[in-house]
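Predicted model, so just to flag it, every value in this text is computed and none were measured. Just so you know, ligand 1 is whichever comes first in the structure, and atom 1 is the first atom listed for that ligand.
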Amino acid sequence: MQINYAKKEISCKLVYYGPGMSGKTTNLEVIHQKVPDENKGEMTSIATEGDRTLFFDFLPLDLGRVRGMTTKFQLYTVPGQIYYASTRKLVLQGADAVIFVADSQAEKMPENIESLKDLQDNLAEYGIKIDEIPLVLQWNKRDLPSALPVEELDAKINWMKASTVEAIAATGEGVLPTLKTAASLVLDRLNAKTPGAPPPAAAAAAPAEEKKQEVYVSRVNHDQISRSYFNQYCQLQYRINAKSVPVEDFKKFTLEEKKKLLESLINYVLILQDAKKRNIKASKEEVDKQVAAFVKRFNSQEKLDEFLQSRKISLDNLRNEGTKNIIIGKLIAQVIPDLGERTKITEHDLRAFHESNAALFGGKSFDQTKNEALAAYKNHMKRALLEEFYGKLREQARIEIFQDKL
Ligand SMILES: Nc1nc2c(ncn2[C@@H]2O[C@H](COP(=O)(O)OP(=O)(O)OP(=O)(O)O)[C@@H](O)[C@H]2O)c(=O)[nH]1
Ligand SMILES: [Mg+2]
């Protein structure tokens, strides 16, 4: 759960878990249909095959104000099929509550139990006990003839005595009550943790980090960069770019490294400010496409999961990176209209580039490494153009760096 007292915003993550075909995606679809437009974002399904979820579904919801705080819920479903074990674990990370969608049919009991056991194991890996996390069991598919009586389901599956809700997700029945139950479990817990209103009353109960006064490391025009945001940025960049895996949990940066990273963050803030002025945005579809392209680069689900996990990169990180790339790409195309011309590469230039960067190509001949050289050269030119653009933005910007706060 993320609490931003400055923005008065709480963001919670709910994960729909359960065996394959139990109705998790259907739950999200129903919520998406029933919730008024102003309270929901777009529903995203990343990588699906037929109606089977291969990666995850995602739906952001705005559930209004609770005790003066805007509450946002991020809904995720996991892929139920057995072989996506590592994706399930990844999606589960940071969940504030779990909705376990069980298939009520008698013949599905072994699958329900196996999936619940899988949930228990995955939670344990994050140091959470299944009877400690807010959990709702949804008895779904009540309409089917072989559905077991709820008492029997309760006896067979609900040994942790979680709240239960009956549902026929296919017709929408029970879907919102399930969501409401989960949401109120999360909010109850939140209230228990932070009695009274948020600061100053809640300050005593809030974790030490949130109590601290915000410290700023830089100001870029009208935007301030807080130290906590900057630290997060540093860690994320490190995890994304790290050459060796597995990545250590926390990297301590030297002042020099921090200064360099702050420069790159300032560039990014300048880009965003400029993009905003030009009304350049990344649409949900574009971000989906970016993420999907990224997913495709890995030959298998397992490999992708391995990569993300070893770098401790979350799905939200992935989407944010995608958004950033799209915006930068659009901006560059707009501000450098002759981009194509300027990045045209002649054979002569390429040979010269290959020669002066021989070490990059392991001493191999031009013909042997022509494709690699071309890719490297293109990258090099793009970076140079970006630097040029950053330079222009910086000339017009007001930038302050508070080095003693780094
Ligand atoms: N009869 C009946 N069918 C349902 C119900 N809920 C969902 N279904 C159907 O069950 C099938 C699977 O539903 P999904 O929501 O895609 O299942 P899922 O849990 O997301 O499955 P995975 O993505 O493979 O993990 C679909 O054909 C749904 O229409 C229900 O309450 N009753
Ligand atoms: Mg699904």
Worksheet entry | Which of the ligand 1 atoms, numbered from 1, are nearer than 4.0 Å to a heavy atom of Asn140 | 5 (C), 6 (N), 31 (O)
Worksheet item: What atoms of ligand 1 come within less than 4.0 Å of a heavy atom belonging to Leu144?
Response: 1 (N)
Item to complete: Run down the list Gly80, Gly172, Gly23, Ser22 and name the one with the heavy atom closest to atom 25 (O) of ligand 1.
Response: Gly80
Practice prompt. Please confirm whether Gln81 comes within less than 3.5 Å of ligand 1 when only nitrogen or oxygen atoms on both sides are compared.
Written response: no
Discussion item. Is it the case that the side chains of Glu372 and Thr369 hold a donor-acceptor pair, with the cut-off being a distance below 3.5 Å and no angle test?
Written reply: no
Worksheet item: Taking the six-membered ring for Trp, are Tyr238 and Phe253 parallel (under 30°), tilted (30 to 60°) or perpendicular (over 60°)?
Response: perpendicular
Worksheet entry | Contact (N/O only, under 3.5 Å) between Ala167 and ligand 1 | no
Item to complete: Starting from the C-alpha separation in whole Å, work towards a yes-or-no answer on side chain to side chain contact (heavy atoms under 4.5 Å, CB included) for Glu388 and Lys392.
Response: CA-CA 6 Å; Glu388 184 186 315; Lys392 280 196 191 132; 3.8 Å; yes
Response to the item:
Checking heavy atoms under 4.0 Å, the part of Asn27 that sits near ligand 1 is neither
Worksheet item: Hey, which atoms in ligand 1 end up nearer than 4.0 Å to a heavy atom of Asp143?
Response: 1 (N), 2 (C), 30 (C), 31 (O), 32 (N)
Item to complete: Looking only at distances, please establish whether an N/O atom of ligand 1 is found under 3.5 Å from an N/O atom of Arg142.
Response: no
Discussion item. Ring-plane angle category for Tyr377 and Phe353, please: parallel below 30°, perpendicular beyond 60°, tilted otherwise.
Written reply: parallel
Worksheet entry | Short N/O/S contact of Thr26 with the Mg ion (ligand 2) (below 2.8 Å) | no
Worksheet entry | Between Ser264 and Gln237, a side-chain donor and acceptor under 3.5 Å | no
Fill in: Candidate list Arg142, Lys141, Glu166, test side-chain hydrogen bond (donor to acceptor under 3.5 Å, both in side chains), partner Ser104, passing option
Arg142
Fill in: Under 4.0 Å to a heavy atom of Met21 - the qualifying atoms of ligand 1, by number
10 (O), 12 (C), 17 (O), 18 (P), 19 (O), 21 (O), 22 (P), 24 (O), 25 (O)
Item to complete: Kindly compute the distance separating CD1 (Ile266) from CD (Glu400), expressed to the nearest 0.5 Å.
Response: 10.5 Å
Fill in: Flag, side chain of Arg278 to backbone of Gln273, donor-acceptor distance under 3.5 Å
no
Practice prompt. Indicate, as side chain, backbone, both or neither, the part of Ile168 found under 4.0 angstrom from ligand 1 when only non-hydrogen atoms are considered.
Written response: both
Fill in: Those atoms of ligand 1 less than 4.0 Å from some heavy atom in Pro79
25 (O)
